[in-house]
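All chains are named by letter (A, B, ...) in the order of the sequence lines, taking the proteins before the strands, and each is independently numbered beginning at 1. Worth knowing before you read on, the calculation uses all heavy atoms, side chains too, and leaves out hydrogens, waters and symmetry mates.
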Amino acid sequence: MSTYQEFIQQNEDRDGVRFSWNLWPSSRLEATRLVVPVSCLFTPLKERPDLPPVQYEPVLCSRANCKAVLNPLCQVDFRAKIWACNFCFQRNPFPPSYAGISEVNQPAELMPQFSTIEYIVQRGPTAPLIFLYVVDTCLEEEDLQALKESLQMSLSLLPPNALVGLITFGRMVQVHELSCEGIAKSYVFRGTKDLTSKQIQEMLGLTKPGATAQQGRQPVPQEAAASCKFLQPVHRVDMNLTDLLGELQRDPWPVTQGKRPLRSTGVALSVAVGLLEGTYPNTGARVMLFIGGPPTQGPGMVVGDELKTPIRSWHDIQKDNARHLKKATKYYEAMANRSAVNGHCIDIYACALDQTGLLEMKCLSNLTGGHIVMGDSFNTSLFKQTFQRVFSKDYNGDFRMAFGGVMEVKTSRELKVCGAIGPCVSLNSKGPCVSENEMGVGGTSQWKMCNLNPSSTLGMFFEIVNQHNAPVPQGGRGVIQFITQYQHSNTQRRIRVSTIARNWADAQSQIQHIESSFDQEAAAVLMARLGVFRAESEEGPDVLRWLDRQLIRLCQKFGQFNKEDPTSFRLSESLSLYPQFMFHLRRSPFLQVFNNSPDESSYYRHHFVRQDLTQSLIMIQPILYSYSFHGPPEPVLLDSSSILPDRILLMDTFFQLVIFHGETIAQWRKAGYQEMAEYENFKQLLQAPLDDAQEILQTRFPMPRYIDTEHGGSQARFLLSKVNPSQTHNNLYTWGQETGAPILTDDVSLQVFMDHLKKLAVSSSA
Amino acid sequence: MNVNQHTPMASPYGQPQPGYGQPGYAPLDGGYPAPYAPYNGPTSAYQPGAPPQGYSPFTSFPSKAVAANPVSDLSSPLDLGPVRGPPVSGAPPVSAPQQYNQYSHSQGEMQNGPPPMTQAPPRPAVSQSYNPAGMNMTGPPHPSYPQHYGPPPTMQQVTNQMTGMQINSGPPTPAGPGYAPPNSSQPPVSTAYTAAPPTSYAQGPPPASSAPTQPPPPSGPAAPQQYYGGPSPPSQQPFNSSLPPTSQQQFTPAPPPSQQTFPPSSYSGPMPPASQAPAPPVSQPQQSFPPPAQPTFSAPPASQPPAFAPGPPLQNQGSFPPRGPPPSSQPGSFPPPGPPPTSLSSGPYPGQMPPQQHPPPSQPSPYHSGPPPPGVQMPPTSMAQSNHLPPGPPGPPGPMQQPPPQPGMPGGFPPQQNGAFGQVRGPQPGYAGPYPGQPNYGAPAPAPAPAAPAQKRLDPDAIPSPQASDMPAVQKSRHRIDPDAIPSPIQVIEDDRAKSTEPFTTGVRGQAPPLVTTNFQVKDQGNASPRFIRCTAYNIPCTADMAKQSQVPLAAVIKPLATLPPDEIPPYLVDHGESGPIRCNRCKAYMCPYMQFIEGGRRFQCGFCSCVTEVPPHYFQHLDHTGKRMDCYDRPELSLGSYEFLATVDYCKNNKLPQPPAFIFLIDVSYNAVKSGMVNIVCEELKTLLDYLPRENPEMDSVVRVGFVTYNKVMHFYNVKSSLAQPQMLVVSDVSDMFVPLLDGFLVNVNESRQVIESLLDQIPEMFADTRETETVFGPVIQAGLEALKAADCAGKLFVFHTSLPIAEAPGKLKNREDKKLIGTDKEKSLFQPQVGFYNTLAKECVAQGCCVDLFLFPNGYVDVATLGVVPVSTGGSVYKYTYFQAQSDRERFLNDLRRDVQKLVGFDAVMRVRTSTGVRATDFFGSFFMSNTTDVELAGLDCDKAITVELKHDDKLSEETGALMQCAVLYTSCSGQRRLRVHNMAVNCCSQLADLYRNCETDTIINFFSKYAFRGILNSPTKAVRDTLINQCAQILACYRKNCASPSSAGQLILPECMKLLPVYLNCVLKGDVLLPGADVSLDDRAYLRQLISCMDVSESHVFFYPRLLPLTKLESDSLPVAVRDSEERLSKGGVYLLETGLHLFLWVGASVQQELLLNIFGTPSFSQIDPSMTSLPVLDNPFSQRLREIIDSFRAERSRYMKLMVVKQEDKTELIFRHFLVEDKSASGGASYVDFLCHMHKEIRQLLS
């Protein structure tokens, strides 16, 4: 199946898409029997250095409810200068500018290698990017100082014409006016009062009474925006703002013993959203929220200010004992939706040792495409570098961020789209290709992604609607077109179009082909996304049961076995890794909340549903490298048996980078052999994983937690909790092997898992 | 004095009566001697030494006795001879009531007789207008009568008195006591108008005789004036009456006869008085006049000589003019003629009464109209005039002769019109009637004889009038100003001034202090200084019935933090240690001189509730042989009336010692505020003003912290933390739910943050220079300040500088509801009520936090002061209003107000509680404060200018021995953040005789109470109803006096208690003020503003507010102020320059034909036309006159809590209208009655009540 692997790789490189099935069953019934739905991971803005955008606009199908974009799969009549839409079969004349078209003079969008193409749209005004800092001042002095420095530093990273604004909050919320000379002015809002957007705008003086009535709607925001005192071009207020940030003081309101500081995060966000809503609706804007603790008052409060009442845990939530949870979640959801409608994204940078309420606030980022960064302190490199990386630039020197993305999906008639899972919101655009069967965010053919970056990946789920008795024409192909419009970070509006086709296959006669077209990595991630999506709304065990069920069904469908004979069970190569992924997924923090706070779970899930396939797989099944004198660094099994005394292990879980020194290595290191010239090789051995880790650290966003530990170290738990517990205190002696380290857990090991799986798969009653 | 104090306290109780009677007196003697002495002196001067003394019961017992008698008579008249005795004694000074009584009974009459002789003269002089009314024989009350007779001036007075005596004597014999009481009663206060008539009758006959006698008096006359001075000084007018007594004494010998004879003369006197300005009002006088012509006059005259005398005097003396008016007025109002007729008929009395009423209308102008009755009147008027001018001499004779009969008629009648005939007739009838009728009437005819006694008493009353008469005399001689027949405030003020030469010591219970207009020093010897507490009465009725009968309000005006003059020692601070001040266990009264130590000093008995409390060991002290603690004089709380305790933490909110207070300046920066220049001025001024924040120790920096806020539709707070390079502005737009956006850096120490603050104050005007925002909020402004104080957990004061009606959308938003159509309707009251309830709630919150709000308004239109003022008024703050503020002309006034307001000492978070002896209770409070229960007056802020009026009511009987005690304790946080208790103690006497009450009242305080009472009343009742209530209550007060304390005399006679002889004129001022009777040009805001302003005025402020001070400036002496003139246009000379001061306004009126030299001296220009009427300060010229004038103006300004902008008014200029508004004795443009008219009206009311 190397061909398929190559094919898959090629498709991913070109279109940023990975389908679970690369041959599609031709009927609905068969499709459902495949267990894993026809679906894909789609990375809309996959970096394509080799793909220069074209400087014109796409040609659209003229049918009103189609509007598909001209693509290489279209039938073109070069003489008649007509092309046929491959979705609705509408015949469309080329626009006048295509008069010179011929078989030898084809526009890019007709060339097969341009199945993905990017257009630059010239129309419409370009709006500057907007960065609105929302800063919590209830921080420790050190943290605040570090944060202030980071913020000041960030000013130099912003595009000079970007607009910048500052809101600080503690007990009160202050919106700082940036255009003033002399006295520093700020507008203050009470942290306990839920204000409507209109009230906020009025209070900020953004609406002129009567103006709304007299003039049309359109002019008002424009006018207000022009005179907005709170958002100013960076190059104009650079100095001012630097000083202002420098003078920021900790929230002056006294915090008595046994209390949490009063933190009005909810209102601060509401003001930020209201401000942008009133001034720059539908313009790319980024609200960057920096918090050092949970919201403790006003709307959106997550926990009271009494320290004696701890912030909710999963335990509390399960017992329905989290007082503020529902209300706060609802509040932030409403705000996230408002923000999404206006195309503004919200980042959350939460740095605190305790929880900060990410569980409640996660939707702010999840729905708007913003980042969530969780750290222990603003005074850590984790935060500092991650924050810096937000402003990283690509090969063209452009920011790796795009705003106001709208992705539309078009399918050929045999397909319908069921939904998407990822950092997006539905635009509720009904169309002929929308399935009634929802998976993820469905019921629409358009999704909005307020913020996109090159790695933002959506899981798209489709449904085959072709009936069993209506065979697909021989050689026919199913086609899916993704049309993504967005504002590039250089403020250009662009449209990227990817048109993807796959062959149909008759599931009865060509099941082998279909099986071999299975992309188990993509399927694992897609199923995981479904599972995580469900986990957001369902109880953990239910989701696990569902996942197990799917896995068993898949094994039953594609496994080769004799009934009731587990030992006879075999899986083809294309599915061989899939159960293992599922095993690790079951243990992952995405589905298991044990040992994780609600905030951590939210944080992990947030990243899981937006990263591309590679990163997602790392999250599901961390990578473990081994460094030893026995040979070059090699990936080893994520298994307790890999933990050996003479090895250094490097584990990448995406969120953590763990360097684990085996017992012997650790002793050597402690003895200081690496300092001795004659043990230069040992020094190099020690250095190798560090260098590799550094490489990962450099590129990963958000920056992972970097852990350097050794055998018996307390931090070794990060490693021990991830590896397959093939050796535990329960079976240590029965295995009696010298290698490996026992894991003190009652969790089942992969072996046991597989045994059960086989048993169930072959069972006729299952 | 000490003794006194003690006596009341300790020993007194032990042997209350004895102590009192004896010790008390003794002390009195001791004490009085000083204060009274002067009086006596003067009096003596006038009168033969003896009389004075006699009069002033206080001084000499023997003679006093006599005098006392008169007094006692006065009082006693009310009740019984015997009874009277006590009261009288109570009276006053000497307190040797008994003696007095005795005298009074027997001698009193006698004395009365004599007094007339001597007094007669004075009275004539004094013979104030009242007397006219005095016509009623009660002569005493109306010395004026005597005066009339006065022509035989002194003689007349004397005669009047004599007559009075006669009458009294008459009665005495018959029903001695009975009559006496009435007469005497009247006398006491007697400026009663009514008295005259009757007396006149009685006197009528006597007059002639009196005339002869009068001659002697002449010499006396001069004395009489002094006399008056003397009498009045006693503080109690009764004494004045006593003066008459003295004269009486002299006469006594001859008494009966002579008196009678005099009476006649007095009669004439009375008549005149009536004729005089006052008379008119009294109108009664006129009637009385008629009587005067008849016997009535005679009698009354004596007693009332002064008042009534005027009438006569007029004829004889200058008084005539006044009379003239009255008469005429009478005519006008009454079908004057008619009255006379009525008067003619004896039944007439009643009839006469009406006539008198008529007279009121008459008044001066009426006078003229009176002429109509012309034939006769004309003459009279002429007579009067002649009298005035050539005074007595010619007139007198004439009057004397004819007056009594015709002249009198003319004089009195004339003025009144028919007077002559009518009078004649009237009198006669009256006589007849009177006698039959009762004392009053009786006075007229039969009265003479019976009345005599009464008259004597009257005399006392009359005496007062004598003073008046003196006045006239003086005036006549000096200024040639028309003598007045009605009581003159100026005269009363001057008299009081003259007799108050010695420090006022507070050791004696129930002693009335000098008037507020008098400069005097106070020595605290156990009772609070009158600067802290003034009472309406210093001898209060023992029972509720009495109190109700008299209708005299029992109230105290308390100014707890009053500023004392430099020569008086501020209250000492007492520290009782950690356990806090020592208090009675039951009623919680604080340790004070009224606590009596018993059991060798181990316990003390509370003077308020009699509960016995253990003395804490650390406070124990042995007693001396008198039962006093040995350390009595070492401890302020045992020997002084006012002192302070250091409060312990138990007395603090939340049991936490208070934080230093804070001042927050909230400045309106809307378009109007910026444009008017206000913002600029405030910011500029604050830069320097902040160095003068209040502090107790001038050496130290003030601990008061400051904060700044500006606002229009939104609020701007400023962070002025010292560590900042630039202030930071925090805008709060959420005005619907106010909060304070910052904590640290909002309230700062001025010195630490000086640079930031100055930078801020520099930038504020710039920042808002181009503002176009016109809408403002107001409720949130106060909320902001309140929240800031809450956040800082301290008390403080907000200074709000505000320009316009808060119409912006916010809590407390207001609508323009000024609707002139509502004025005069039942809905008018709603205009004084706050428009929304929001501010009441807010005020409550403010008070709870100790947040006092001072509001500076700069309106260009209606701003609804009634609503905006709610919070300031409820929090002990002030409202300042600068309508149409212009930087140029109003800057000085505003800045001075602001400076004073910021600098003045102020206490915060205060709670005041008034504790009283069992038997009375503080029931009602008026002022700027808030009450959440019925006893605690809560003041968020209490500054040195705020007074609280407390009304007391009986809930049980009081005892004459123990008197009534009052302790006002104010718990407050000083401006240095110290928690303190200021305690003021006050003891007053109790009486079972109404006469005693009437003899110990303070009209200024009563007016203060009435005005506050009325101004609160208009919140709930139609203005007219409030006015009527006021008139009615005053009428009842006076009627009660007349009925119970004045000698029986013609009902037509107006008899006023000496202490209350100014009640009508002042009351009229209240009634015709802008609040109760607005002119067309008075805005609703102005009325609401004044209403609130007055609610916290003390007595001296309210006095000058209602009766402005008008000084002629023709001659200025370096060491004294010129004698004021009455607030009437008639008093203004075209060639003069006058300074008028109301406490709020200052006018310089320049007559059209003023001398060039004067103009040069004042304005530096020789031409009247070149005077710039827009100037607000006088040019600084290097001449003594200019210097002195500016000194005077400065001193006036320094005296008042608010800066008075000087307004130069040129005669006949349009601005004169404004000026005239303050000539309160004249008819006002808005329909307010003139003094004379009003007096007549009052008389009518009184008569209706009596019948």
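B:Leu724 touches chain A through its side chain: at least one heavy atom from C-beta onward sits under 4.5 Å away, while N, CA, C and O do not. Looking at A:Glu247, the atoms closer than 4.5 Å to chain B (heavy atoms on both sides) all sit in the side chain, from C-beta outward. The contact between A:Leu195 and chain B is made entirely by side chain atoms (from C-beta outward), counting heavy-atom distances below 4.5 Å. For B:Gln763, the part lying under 4.5 angstrom from a heavy atom of chain A is the side chain only. Contacts of B:Met715 with chain A are absent, with no heavy-atom separation under 4.5 Å from either backbone or side chain. Residue contact with chain A, scored on non-hydrogen atoms closer than 4.5 Å, is absent for B:Val714. Contact annotation for A:Met203: both backbone and side-chain heavy atoms come within less than 4.5 Å of a heavy atom of chain B.
Shown here is B:Lys687, whose NZ atom has more than 12 heavy atoms of other residues, nucleotides or ligands within 6.0 Å. Around OH of A:Tyr331, the count of heavy atoms belonging to other residues, nucleotides or ligands within 6.0 Å exceeds 12. Surrounding NZ of B:Lys844 are at most 12 heavy atoms belonging to other residues, nucleotides or ligands under 6.0 Å away. Summarising the local packing, CD of A:Glu306 is surrounded by more than 12 heavy atoms from other residues, nucleotides or ligands at distances under 6.0 Å. No more than 12 heavy atoms of other residues, nucleotides or ligands sit less than 6.0 Å from atom CZ of A:Arg323. More than 12 non-hydrogen atoms from other residues, nucleotides or ligands lie less than 6.0 angstrom from NZ of B:Lys653.
Using a 4.5 Å cut-off on side-chain heavy atoms (C-beta onward), A:Ile183 and B:Leu760 make contact. Between B:Met729 and A:Glu177 the shortest side-chain heavy-atom distance does not fall below 4.5 Å.
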Go through the steps for B:His716 and A:Lys185 under the test side-chain contact (heavy atoms from CB on, under 4.5 Å), then give the verdict. CA-CA 9 Å; B:His716 318 115; A:Lys185 291 185 199 170; over 6 Å; no

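Taking both residues in full, the closest heavy atoms of A:Phe189 and B:Phe739 are given as C-CZ, 3.2 Å, listed atom of the first, atom of the second, then distance. A pairwise comparison of heavy atoms in A:Lys193 and B:Asp737 identifies NZ-CB, 3.1 Å as the closest pair. Taking both residues in full, the closest heavy atoms of B:Asp744 and A:Pro252 are given as CB-CB, 3.8 Å, listed atom of the first, atom of the second, then distance. Between B:Val740 and A:Trp253, the shortest heavy-atom distance links the atoms O-CZ2, 3.3 Å.
Within the 3.5 Å criterion, the main-chain N or O of B:Asp734 finds no donor-acceptor partner in the side chain of A:Arg190.
When B:Val732, B:Leu742, B:Leu743 are compared by the number of non-hydrogen pairs under 4.5 Å with chain A, B:Leu743 comes out ahead.
Atoms CD and CD, on B:Gln728 and A:Gln174 in that order, are 7.5 Å from each other to the nearest 0.5 Å.
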